[in-house]
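Residues: numbered from 1 along the sequence shown.
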Amino acid sequence: AREVPVLYHIMGAISFVNDVPKVIEPVYVAQWATCWIMMRREKRDRKHFKRMRFPPFDDEEPPLDYTDHILDVEPGEVIRMDL
């Protein structure tokens, strides 16, 4: 694991990772392919994924503040691939 610079949206709606991969292209493609396969399996099994409600925000409801509601939440269980 390593730390990378991340830009968070003020409402927590989206995050941008500001990092350039420093691996050779075949390894990079293999890593993304593995990630894609695992995410597809997780989506199929629905352990960590939840369907979004649309509209995500009610017109009468004020948007949530990232620092008040999301910043202190612990991340969920990690997705691991047995190699």
Qualifying residue for side-chain contact (heavy atoms from CB on, under 4.5 Å) with Ile37, from Arg41, Arg40, Met39:
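When side-chain contact (heavy atoms from CB on, under 4.5 Å) is applied between Ile37 and each of Arg41, Arg40, Met39, only Arg41 qualifies.
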
Chi angles and distances behind the side-chain contact (heavy atoms from CB on, under 4.5 Å) call for Ile24, Val27
CA-CA 6 Å; Ile24 59 174; Val27 172; 3.6 Å; yes

Examine Val17 and Tyr8 and state if one hydrophobic cluster contains both, with Ile, Leu, Val, Met, Phe, Trp and Tyr joined whenever side-chain heavy atoms are less than 4.5 Å apart.
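Yes, same cluster.
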
Transitive ILVMFWY side-chain link Val23 to Trp32, under 4.5 Å
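Val23 clusters together with Trp32.
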
